[in-house]
Amino acid sequence: MDLDERYREILRREGAALRRTAAAYEADPGRREDLFQEICLAIWQALPRFRGEASERTFVFRVAHNRGLSHRSRRRPDRARAADLDAAEQVADPRPGPDSLAEAGQRRERLRRAVLSLPLEPRQILTLALEGLSHKEIAEVLGITENHVAVRLSRARRTLCQTLEPMGGTP
Amino acid sequence: MTQHEPVEELREWMADWQDAAAPSPQIVEEIRLRVRRQSRRMVWMLAGELAIAAGALILLGRFAFLHPDLLDVAAMTGLSLLVVWAAAFSLRLHRGLWRPSAATTEAFLALSIERCRRRLRSLGAAWGLLAGELAVFIPWLWYRLHLGPSAPAARDYVLTYGFLALLAVAVMSAVLATARRTRRELRELERLRGGSEGDG
């Protein structure tokens with residue numbers, strides 16, 4: 001399989017996950033789409049250097065999160081914080097969403113906003129866990145030990161629960 | 001939510017989280033076009049910088065050839081050395097842009113922080129470059145205008161020093177703005193790493 005085919009296969013398999021990863025770093029829909037494209041671009045550029053030391057999935061998420069961090073660090077800190085707070089306020093808003101929005105859709109949106117409102121570290125680890133990565137894979141992506149993954153994930157889960165509580169518990 | 005088992009709770013979140021739309025196929029083509037544009041732009045910018053440096057060296061050399069006065073030749077040689085140094089510096093900066101990303105997020109942060117620090121050091125060097133150019137230019141211009149073989153017109157006097165002052169102000173503004181942006185980025189990166197290390 002040549003590089004172009006591999007790239008297309010990665011995008012077909014992980015495209016939705018990469019889009020969600022972008023959503024975990026950027027609240028604004030326009031900027032989110034730009035970030036998603038930047039992530040795809042970074043994967044395409046990094047793919048020739050991938051030697052198979054880790055799994056391809058780990059490699060893809062590592063590049064995606066690095067790009068997300070880079071995207072965030074480019075923004076003015078006060079604006080990034082304002083966007084986070086805005087997302088958090090939307091989570092805490094007890095009013096129902098538009099009638100046309102299905103309950104499942106509202107639940108997904110609340111979860112996305114709740115994740116986005118978390119501090120960066122729990123947000124990263126939760127995003128990876130929600131994509132179904134094992135502790136070992138998360139450790140490889142973040143460059144920490146599996147024990148730290150377990151501790152941080154447990155803490156992140158509690159934080160997410162507290163963030164979602166004003167909405168009645170379930171996302 | 002808290003009454004749920006953590007695994008079950010996470011599974012529910014996973015189901016909600018992963019239920020999202022797939023990317024549209026045309027995105028792939030858009031990305032290919034974008035990377036081609038970016039690559040072309042970077043190559044053209046580097047080529048432009050090197051062409052400007054080469055052009056400057058040719059002009060300085062030609063001036064020195066046509067004006068074999070000792071002070072003229074010395075000034076042109078000094079400026080040529082500064083141009084060569086600046087071109088080499090620019091090449092080094094571009095070389096950094098092609099480096100691959102780090103292997104882990106922690107390493108990526110450390111690398112990004114190091115890049116910011118180096119950029120700040122390079123901005124310090126830019127002050128040195130500006131000071132060097134002014135140190136050569138001002139005495140040389142003074143020599144050309146006041147002690148040279150021909151007396152300058154008032155218009156030449158104003159244009160010469162006016163252009164030099166404008167150039168110096170433009171360079172200083174660019175350096176200050178870049179330094180401010182880089183320090184802001186560095187603070188944010190260090191804050192991110194601080195949070196990460198605090199729990200590690």
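Chain letters run A, B, ... following the sequence lines, proteins first, then strands; residues in each count from 1. None of the values given here were measured: they were computed from a predicted structure.
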What is the distance from atom CG of B:Asp16 to atom CZ of A:Arg112, rounded to the nearest 0.5 Å?
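One gets 13.5 Å once the value is rounded to the nearest 0.5 Å.
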If I measure from the heavy atoms of chain B, does A:Thr145 come under 4.5 Å with its side chain, its backbone, both, or neither?
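For A:Thr145, there is no contact with chain B at all, as no heavy atom is under 4.5 Å.
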What about B:Leu59 and B:Val83, same hydrophobic cluster or not, with Ile/Leu/Val/Met/Phe/Trp/Tyr joined at side-chain heavy-atom distances under 4.5 Å?
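Hydrophobic grouping puts B:Leu59 apart from B:Val83.
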For the hydrophobic clusters of this structure (ILVMFWY residues joined by side-chain heavy atoms under 4.5 Å, transitively), does one cluster hold both B:Trp127 and B:Ile138?
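Same cluster: B:Trp127 reaches B:Ile138 through Ile, Leu, Val, Met, Phe, Trp or Tyr contacts under 4.5 Å.
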Verify the neighbour count for atom [atom1] of [X]: are there more than 12 heavy atoms of other residues, nucleotides or ligands below 6.0 Å?
{"X": "A:Phe50", "atom1": "CZ", "result": "yes"}
{"X": "B:Phe163", "atom1": "CZ", "result": "no"}
{"X": "B:Arg62", "atom1": "CZ", "result": "no"}

Derivation of the side chain to side chain contact (heavy atoms under 4.5 Å, CB included) call for B:Trp17 and A:Leu126
CA-CA 10 Å; B:Trp17 180 259; A:Leu126 258 177; over 6 Å; no
How far apart are the C-alpha atoms of B:Trp13 and A:Val115, what are their side-chain angles, what is the distance that settles it, and do they pass the side chain to side chain contact (heavy atoms under 4.5 Å, CB included) test?
CA-CA 11 Å; B:Trp13 288 344; A:Val115 169; over 6 Å; no
Between the side chain of B:Gln18 and the main-chain N/O of A:Leu130, is any donor-acceptor distance below 3.5 Å?
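Judged by distance alone, yes, a pair lies under 3.5 Å.
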